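No experiment lies behind these values; they were computed from the predicted model shown. All values below were derived from every heavy atom in this structure, side-chain atoms included, with hydrogens, water molecules and symmetry-related copies excluded.
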Amino acid sequence: MTEVTKRILVTGGTGLVGRAIEKVVADGEGQPDEEWIFVSSRDADLTSSSETKALFERHKPTHVIHLAAMVGGLFKNIRSNLDFWRTNIHINDNVLHSAHESGVQKVVSCLSTCIFPDKTTYPIDETMIHNGPPHSSNFGYSYAKRMIDVQNRGYSEQHGRRFTAVIPTNVFGPHDNFNIEDGHVLPGLIHKVYLAKQSGSALTVWGTGKPRRQFIYSLDLARLFIWVLREYDEVEPIILSVGEEDEVSIREAAEAIAEAMEFRGELVFDTTKSDGQFKKTASNAKLRRYLPEFQFTPFRKAVKETCAWFNANYANARK
C-alpha cells in the first residue's frame, strides 16, 4: 500500500469544475499517494472564518484547489455587484488565510477572464490583469477575484507560500448551472434549446449573437488543474484556454447546440438584451510553452457530450 502523503481539499467541489476534477481523478488521473476531498457549502460556510478554520482543522489538507465562489451570469451580476464583491472577498480571504495558518503546501485558486480590464488590447495575457478597471457589468466579482492574485503575491513575499491561480476562459460541461436567468451563456442556451424543442417554438437567443468567446470543456480544464497543482510553480497566474483560433461566436455556439440537440426550429436574436463584452480573447501562449502537446476536446464534441448529459439528467440539471 502506498502511503498517502498528499491530502487535496477541493472547495466548491460539487460545482461544474469540482465534479469534473472528481471524474478525471476517478478515471485514472489520481495518484496512489493522493487523497482527494471534495467539499461544498453543505460542509462549511466559507464566508465564516470560524467555519473555514474548522474545515481545515478537520481535513488537514496539504494542498488546496479553491473553486468555491458566488457566481452568476451577466444579468445576475448587473443586479448584485456589491453582493458578489463582499461574498467572494470573505470566502477568498478565509480560505487563503486558513491555508496559510494550517501550513498548506500549495493552493491553486480559480480566477476568470472577466477580471481583465475592459479597455485593453487583445489577446489578453497574464501580465495585464491589473492594467485598468474591469467591465462595469460585473465589477464586484472581478475585483474580488483580482484580489486573490494580490493575496497570493503577499503570502509568497511575506511567508514564502506557494499560492497561485489559474484563469480559465468560459467553462462548460456536465453539472453546470443550467438556470436560464442566472447561468452562463452556454448552459443557458442548452436549456433554452431543450424547452424550444419541447414546445415546438423558436429559439430566442439574448443579444445579437455576435460576441465571441473561447469555451473550455470542464474535463479538459480538470486535467489542466491537476497539472497546475503538481507541476506549475509560479505565483503569477496562468491562463487555461483553447487557442485564439478556437474562439466561437454566440451564434455559432447556439447553432452547435441546436445541432447536438437535433433542434430544427428557428433561431431568433433578441437585440433588446445586452451583449456584455464583445470579446475577451485570451492568449494561451504561456500554457503552450509548458504543455505544447496538450489536446483539447473539439468544441462540437464537448457540446454534444454536455447536451447528452443534460438530456439524461434534466430533472436535476435544470434547477
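- The cationic atom of Lys192 (NZ for Lys, CZ for Arg) lies less than 6.0 Å from the six-membered ring centre of Trp206 and within 45° of the ring axis.
- Val64 and Ile226 are not part of a single hydrophobic cluster, where members link through side-chain heavy atoms under 4.5 Å apart.
- With salt bridges taken as basic N to acidic carboxylate O contacts below 4.0 Å, one links Arg162 and Asp233.
- In this structure, Asp220 CG and Thr297 OG1 are separated by 3.5 Å, a value rounded to the nearest 0.5 Å.
- A donor-acceptor contact under 3.5 angstrom links the side chains of Asp93 and Gln151, judged on distance only.
- A donor-acceptor pair is defined here as one N or O able to donate and one able to accept, closer than 3.5 Å; such a pair exists between the side chain of Asn88 and the backbone of Met70.
- Note that the CG atom of Leu203 and the CE atom of Met261 stand 10.0 Å from one another [nearest 0.5 Å].
- Contact annotation: the side chain of Phe56 approaches that of Pro61 to within less than 4.5 Å [non-hydrogen atoms, C-beta and beyond].
- A heavy-atom distance below 4.5 Å is not found between the side chains of Asp176 and Thr306.
- Using a 4.5 Å heavy-atom threshold, the side chains of Leu224 and Ile216 count as touching.
- Under a cut-off of 6.0 angstrom, the local environment of CZ in Arg146 is crowded, with over 12 non-hydrogen atoms contributed by other residues, nucleotides or ligands.
- Minimum interatomic distance between Phe163 and His100 (heavy atoms only, all atoms of both residues): CZ-N, 3.8 Å.
- Side-chain contact, Tyr232 with Lys286: a donor N or O sits under 3.5 Å from an acceptor N or O.
- The backbone N or O of Cys114 sits less than 3.5 Å from a side-chain atom of Ser142, completing a donor-acceptor pair.
- A salt bridge is absent between Arg213 and Glu252; no separation between the charged side-chain nitrogens and carboxylate oxygens falls under 4.0 Å.
- No side-chain donor-acceptor contact under 3.5 Å links Thr52 to the backbone of Asn94.
- Heavy atoms only, all atoms of each residue included: Leu16 and Pro174 are closest at CD1-O, 3.3 Å.
- In the hydrophobic cluster analysis, where Ile, Leu, Val, Met, Phe, Trp and Tyr join through side-chain heavy atoms closer than 4.5 angstrom, Ile190 is grouped together with Phe263.
- Remark: the Asp149 side chain and the His130 side chain contain an N/O donor-acceptor pair separated by less than 3.5 Å.
- Checked by atom type, the side-chain pair Glu247/Thr281 shows a donor-acceptor distance below 3.5 Å.
- Tyr122 is linked by a ring-ring contact (aromatic ring centres under 6.0 Å, His included) to nothing, counting only residues two or more places apart in sequence or in another chain.
- Classification of the Trp36-Phe38 ring pair by plane angle, with boundaries at 30° and 60°, yields parallel.
- For Val268 against Ala202, the heavy-atom pair with the smallest separation is CG2-CB, 3.9 Å.
- In this structure a side-chain-to-backbone donor-acceptor pair under 3.5 Å is missing from Asn316 to Asn313.
- The six-membered or imidazole ring of His191 lies away from that of Phe178, with a centre-to-centre distance of 6.0 Å or more.
- Note: Ile89 CD1 to Met147 CE = 6.5 Å, rounded to the nearest 0.5 Å.
- For the pair Asn138 and Phe84, the minimum side-chain heavy-atom distance is 4.5 Å or more.
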Report the C-alpha distance between Ser112 and Tyr141 in whole Å, list the side-chain angles of each, state the deciding distance to 0.1 Å, and finish with yes or no for side chain to side chain contact (heavy atoms under 4.5 Å, CB included). CA-CA 9 Å; Ser112 159; Tyr141 177 82; 4.1 Å; yes
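- If you chain together hydrophobic residues whose side chains sit under 4.5 Å apart, Met128 and Val150 never meet in one group.
- Atom CD of Gln295 sits in a sparse spot, with 12 or fewer heavy atoms from other residues, nucleotides or ligands closer than 6.0 Å.
- Rounding to the nearest 0.5 angstrom, the gap separating the CZ atom in Arg230 from the NE2 atom in His63 is 10.0 Å.
- Side-chain atoms of Thr87 and Asp83 include no donor-acceptor pair closer than 3.5 Å.
- By the criterion of side-chain heavy atoms lying less than 4.5 angstrom apart, applied directly or through intervening Ile, Leu, Val, Met, Phe, Trp or Tyr residues, Ile124 is not grouped with Leu240; the two fall into different hydrophobic clusters.
- If you take NZ on Lys106 and CD1 on Ile8, they are separated by 10.5 Å, rounding to the nearest 0.5 Å.
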Show, in sequence, the C-alpha distance, side-chain angles and deciding distance for Leu55 and Val39, and conclude whether the side chain to side chain contact (heavy atoms under 4.5 Å, CB included) test is met. CA-CA 9 Å; Leu55 180 77; Val39 295; 4.1 Å; yes
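- Inter-residue side-chain proximity for Asp33 and Glu3 is flagged as unmet; no heavy-atom pair is nearer than 4.5 Å.
- No hydrogens or angles considered: nothing links the side chains of Asn177 and His184 as a donor-acceptor pair under 3.5 Å.
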May I have the step-by-step check of side chain to side chain contact (heavy atoms under 4.5 Å, CB included) for Tyr155 and Leu96, ending in yes or no? CA-CA 9 Å; Tyr155 280 113; Leu96 293 178; 3.9 Å; yes
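- A donor-acceptor contact shorter than 3.5 Å is absent between the side chain of Arg19 and the backbone of His175.
- Ring geometry, Phe310 versus Tyr314: the interplanar angle exceeds 60°, so the pair is classed perpendicular (tilted spans 30 to 60°).
- Between Thr62 and Thr5 there is no side-chain heavy-atom pair separated by less than 4.5 Å.
- A salt bridge does not link Arg58 with Glu51: none of the charged nitrogens is closer than 4.0 Å to a carboxylate oxygen.
- Nearest heavy atom pair, residue Asp125 against residue Phe116, reads O-CE2, 3.0 Å.
- Using a 4.5 Å cut-off between side-chain heavy atoms of Ile, Leu, Val, Met, Phe, Trp and Tyr, with links allowed through other members, Val4 and Val104 fall into different hydrophobic clusters.
- Panel note: side chain Ser156, backbone Asn152; no donor-acceptor pair is recorded below 3.5 Å.
- Counting heavy-atom neighbours within 6.0 Å of Glu245 CD, excluding the residue itself, gives a total above 12.
- Between the side chain of Lys273 and the main chain of Val205, no donor-acceptor pair closer than 3.5 Å is present.
- Rounded to the nearest 0.5 Å, atoms CG (Leu189) and CD1 (Ile257) are 4.5 Å apart.
- For the residue pair Thr204/Asp270, the side-chain donor-acceptor check at 3.5 Å is not satisfied.
- Scanning both residues, Ala253 and Leu186, for their nearest heavy atoms gives CB-CD1, 3.7 Å.
- No side-chain heavy atom of Lys280 sits under 4.5 Å from any side-chain heavy atom of Arg212.
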Evaluate side chain to side chain contact (heavy atoms under 4.5 Å, CB included) for Leu46 paired with Thr11, printing each intermediate quantity in order. CA-CA 9 Å; Leu46 298 179; Thr11 70; 4.0 Å; yes
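- When all heavy atoms of Ile91 and Ala68 are compared, the pair lying nearest together is CG2-O, 3.8 Å.
- Using the six-membered ring where Trp is involved, Phe172 and Phe299 have ring planes that are perpendicular, over 60° apart on the 30 and 60° scheme.
- The shortest distance between side-chain heavy atoms of Ile148 and Leu111 falls below 4.5 Å.
- Panel note: side chain Arg153, backbone Val235; no donor-acceptor pair is recorded below 3.5 Å.
- Donor-acceptor pairing under 3.5 Å is recorded for the side chains of Glu305 and Tyr217.
- Listed for the Glu244 side chain is no donor-acceptor partner under 3.5 Å among the backbone atoms of Ala282.
- Not one N or O on the side chain of Ser109 forms a donor-acceptor pair closer than 3.5 Å with the backbone of His66.
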